[in-house]
Amino acid sequence: MENLKLILLVVMAMVVVSMEFHGTLAKEHIVGGPFGWNVPNNKYFFDIWSINEGVINVNDVLVFNFPTGVHNAAVVSLSAHDRCDGSDVYQMYPSSPARVPLNLPGLYCFISTIGSDCQAFMKMIVKVGDSANTTVSVLPH
């Protein structure tokens, strides 16, 4: 009976440890690094940041740091991103720091809808991968 209790205790400890380990796999990505989510000096700034950031996975979180009221972060469709159209926003993040959970694999498109921010290249596309599935689609579906 003592052995059974010990075995159950070890199994429960392993389950708890594996749950903790799984939770640590998620990573926070600070958009733009120290520069943050602000109007960039060149139109490729956020594209370069996204490439340099490397692999972004499901359950990771993007953190947008910006002056609240001066900028925002909005999740939009690919066509709205390309047109800088903030009229059909999937999700709006008006306050900083904006924490955006990446719950599904695919492409996430972001713009700032304030003033001419987007036309000044305050927009980006992030590819979120899923190691179990290499299929990528534009989100949300």
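In this structure, His29 and Val61 have side chains that are not in contact, with every pair of non-hydrogen atoms separated by 4.5 Å or more. Residues Leu102 and Leu62 have side chains in contact (heavy-atom distance under 4.5 Å, counting atoms from C-beta outward).
Each of Val70 and Phe46 belongs to its own hydrophobic cluster when Ile, Leu, Val, Met, Phe, Trp and Tyr are linked at side-chain heavy-atom distances under 4.5 angstrom. Residues Met122 and Phe35 share a hydrophobic cluster, clusters being chains of Ile/Leu/Val/Met/Phe/Trp/Tyr side chains in contact below 4.5 Å. Cluster membership check: Ile48 does not share its hydrophobic cluster with Val128, using side-chain heavy-atom separations under 4.5 Å among Ile, Leu, Val, Met, Phe, Trp and Tyr. By the rule that hydrophobic residues join a cluster once side-chain heavy atoms approach within less than 4.5 Å of another member, Val100 and Leu104 end up as members of one cluster.
Remark: Lys127 NZ to Glu53 CD distance equals 15.5 Å, nearest 0.5 Å. Rounding to the nearest 0.5 Å gives a distance of 8.0 Å between NE2 of His81 and CD1 of Ile111. With rounding to the nearest 0.5 angstrom, the OG1 atom of Thr113 is 3.5 Å from the CG atom of Asn72. Atom OG of Ser77 and atom CG of Leu107 lie 12.0 Å apart (nearest 0.5 Å).
Aromatic rings of Phe121 and Phe45 (six-membered ring for Trp) have centroids beyond the 6.0 Å cut-off, not under it.
Note on ring orientation: taking the six-membered ring where Trp is involved, the planes of His71 and Phe66 are perpendicular (angle over 60°, cut-offs 30° and 60°).
A donor-acceptor contact shorter than 3.5 Å is absent between the side chain of Asn65 and the backbone of Gly36. A donor-acceptor pair under 3.5 Å is absent between the side-chain atoms of Ser116 and the main chain of Gln119, judged by distance alone. Judged by distance alone, the side chain of Trp37 and the main-chain N or O of Pro67 form no donor-acceptor pair under 3.5 Å. Checked by atom type and distance alone, the side chain of Ser112 never pairs as donor or acceptor with a backbone atom of Asp117 at under 3.5 Å. Side-chain atoms of Asn52 do not come within 3.5 Å of backbone N or O of Trp49 as any donor-acceptor pair.
Cys109 pairs in a side chain to side chain contact (heavy atoms under 4.5 Å, CB included) with only one of the listed residues (Val75, Ile125, Asp82, Val126), which is Ile125.
Considering every non-hydrogen atom in both Pro40 and Ala120, the closest pair reads CD-O, 3.5 Å. Scanning all heavy atoms of the two residues, the minimum distance from Pro105 to Val58 falls at N-CG2, 3.4 Å.
Checked against salt bridge (charged side-chain N to carboxylate O under 4.0 Å, His left out), Asp85 has the following partners two or more places apart in sequence or in another chain: Arg83. Under the ring-ring contact (aromatic ring centres under 6.0 Å, His included) criterion, Phe110 pairs with Phe64, not counting sequence neighbours.
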Residue pair Met124, Val31: steps toward the side-chain contact (heavy atoms from CB on, under 4.5 Å) verdict = CA-CA 10 Å; Met124 72 173 189; Val31 174; 3.7 Å; yes

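By the neighbour-count criterion of 12 heavy atoms within 6.0 Å, atom CG of Asn42 is densely surrounded, having more than that number from other residues, nucleotides or ligands.
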